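Data first, discussion second: the structure below is written as structure tokens.
No experiment lies behind these values; they were computed from the predicted model shown.
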Amino acid sequence: MSTLTYPEAIGVGLLQGVTELFPVSSLGHSILLPAVIGGKIQQDLDMTADGSSYLAALVALHLATALALVVFFWRDWVRVVSGLVSSIRHRRVETRDERLTWLLIISTIPVGVAGLVLEKALRHALGKPVPAAVFLALNGLVLLGAERLKRGGTGRRRAGHAAPPVDEPGLDPAIASDARLTKLSFVQGAWIGSAQILALFPGISRSGVTMSAGILRGLHHEDAARFSFLLATPVILAASVLKVPELFKPENSGVLGPVAAGSVAAFVAGYISVRFLTKYFETRSLTPFAVYCFLAGVGSAIYLSL
């Protein structure tokens, strides 16, 4: 049986920490890069092979990235937990924190149900290099389409987000962003959250499609990115609860050390990535990522088909 080495685990951890948050598909890259490199790396990093621990290792790396999100957005999550407790205690959804809490819960339900039903089937059917390359190219078209529709004025101008927002003087930017997000209706939030279902297809970026859906509902890039990162955290944590225990089976004992090292790398890369992206999307768009995904997807599909 193939074994995940320390260099492979650290390399995949760095890759995961960056590509999970950048709108370029971590799963797609985790499938494509080993296939392009070939050799022993391709053998060790094949999630469809019998007895492979690579998928469980990837979920552990996802967990490390989710923990980086929790650390970065810890103030938001304190407000979310406070809002949940307050909402249940008083049986209401009135304050900003209470609305944000239930907006995140309702927006997460569709992908949670879809993941339980479809994830295994889609991974076995499409978790191969060429389909992943095709979906990566499609991911680029989705990102580009969202930007073009927004510029063309066909994106929904809801909740006052069509233009860069103006807030109360002195209001903390994070609180201001959360306040703008809570102007979304629960139906709008569920629609944006449902976009994450597309990320079950290897090559489609969770953050990318969620940001695109948010932009089309009228969110500014900064708020769309923030909502995407907040939505990703419970989804990744839930998937980890289901998958990470597989790593502790006797047959996977040899990969625990490499996975631990890779998780540290994923955490560091994830934290740096989210710190960069929250600043990046204050003034910039998805277009560079769209171009990269399309060219990388098409190029990989051609290379792997030769």
Side-chain angles (χ1 to χ4, degrees), residues 16 18-32 62 65-66 69 103-104 106-115 117-119 122-123 126-127 131-151 154-156 158 161 181 184 187-236 238-239 270 273-274 277-278 280-281 284-297:
Q16 157 62 29
V18 173
T19 57
E20 178 65 32
L21 303 180
F22 279 69
V24 296
S25 178
S26 63
L27 184 55
H29 280 75
S30 297
I31 294 172
L32 284 173
H62 276 69
T65 307
L69 288 173
L103 183 65
L104 290 172
I106 292 170
S107 301
T108 302
I109 290 173
V111 69
V113 174
V117 175
L118 300 174
E119 186 271 337
L122 290 176
R123 173 169 52 84
L126 301 172
V134 172
F135 282 113
L136 183 62
L138 290 176
N139 183 71
L141 294 178
V142 169
L143 302 184
L144 187 61
E147 290 293 347
R148 294 296 295 270
L149 289 173
K150 181 177 179 64
R151 289 199 193 103
T154 56
R156 305 235 180 200
R158 302 291 182 89
H161 296 295
L181 290 175
L184 291 167
V187 172
Q188 290 171 328
W191 188 88
I192 295 171
S194 295
Q196 295 181 97
I197 296 173
L198 294 175
L200 295 174
F201 294 88
I204 301 294
S205 165
R206 182 195 314 278
S207 61
V209 293
T210 310
M211 279 189 262
S212 296
I215 288 170
L216 292 177
R217 298 307 298 185
L219 291 175
H220 184 55
H221 289 84
E222 175 187 359
D223 294 334
R226 186 179 189 83
F227 194 40
S228 171
F229 297 145
L230 290 173
L231 283 175
T233 307
V235 174
I236 298 172
S273 295
V274 69
L277 289 171
T278 51
Y280 174 90
F281 284 116
R284 300 184 185 181
S285 73
L286 291 166
T287 301
F289 305 109
V291 174
Y292 164 77
C293 287
F294 181 76
L295 294 178

Tyr280 side chain to Ser285 backbone, donor-acceptor under 3.5 Å: yes
Ring centroid separation Phe22 to Tyr292 under 6.0 Å: no
Gap between atom OG1 of Thr233 and atom CG of Leu104 - 0.5 Å precision: 9.0 Å
Minimum-distance pair of heavy atoms, taken over all atoms of Gly297 and Leu136: N-CD2, 3.8 Å
Nearest atoms (heavy-atom pairs only) where Pro23 meets Gly208: CB-CA, 3.5 Å
Where Ser107 and Phe227 come nearest, the two heavy atoms and their spacing: OG-CZ, 3.8 Å
Nearest heavy atoms of Arg217 and Ile192, plus distance in Å: CG-CG1, 3.8 Å
Interatomic distance, Leu230 atom CG to Leu181 atom CG [nearest 0.5 angstrom]: 7.5 Å
Inter-residue atom distance Asn139.CG - Leu286.CG, 0.5 Å rounding: 9.5 Å
Pair Ser30, Gln16: side-chain N/O donor-acceptor within cut-off below 3.5 Å: no
Ser207 versus Leu21, closest heavy-atom pair with distance: OG-O, 3.1 Å
From CD (Gln196) to OG (Ser228), nearest 0.5 Å: 7.0 Å
Leu219 vs Leu184 side-chain heavy atoms within contact, under 4.5 Å: yes
Residue pair Glu20 / His29, side-chain donor-acceptor N/O under 3.5 Å: no
Check: Leu144 main-chain N/O paired with Glu147 side-chain donor or acceptor under 3.5 Å: no
Spacing of Ser212 atom OG and Leu141 atom CG [to the nearest 0.5 Å]: 11.0 Å
Check: Phe229 and Leu277 side chains under 4.5 Å, non-hydrogen atoms: yes
Side-chain touch Leu295/Val291, heavy atoms, less than 4.5 angstrom: yes
Shortest non-hydrogen separation from Ala195 to Ala213 and the atoms involved: CB-CB, 3.8 Å
Atom pair CG (Leu143) and CD1 (Ile215), whose distance is rounded to the nearest 0.5 Å: 8.5 Å
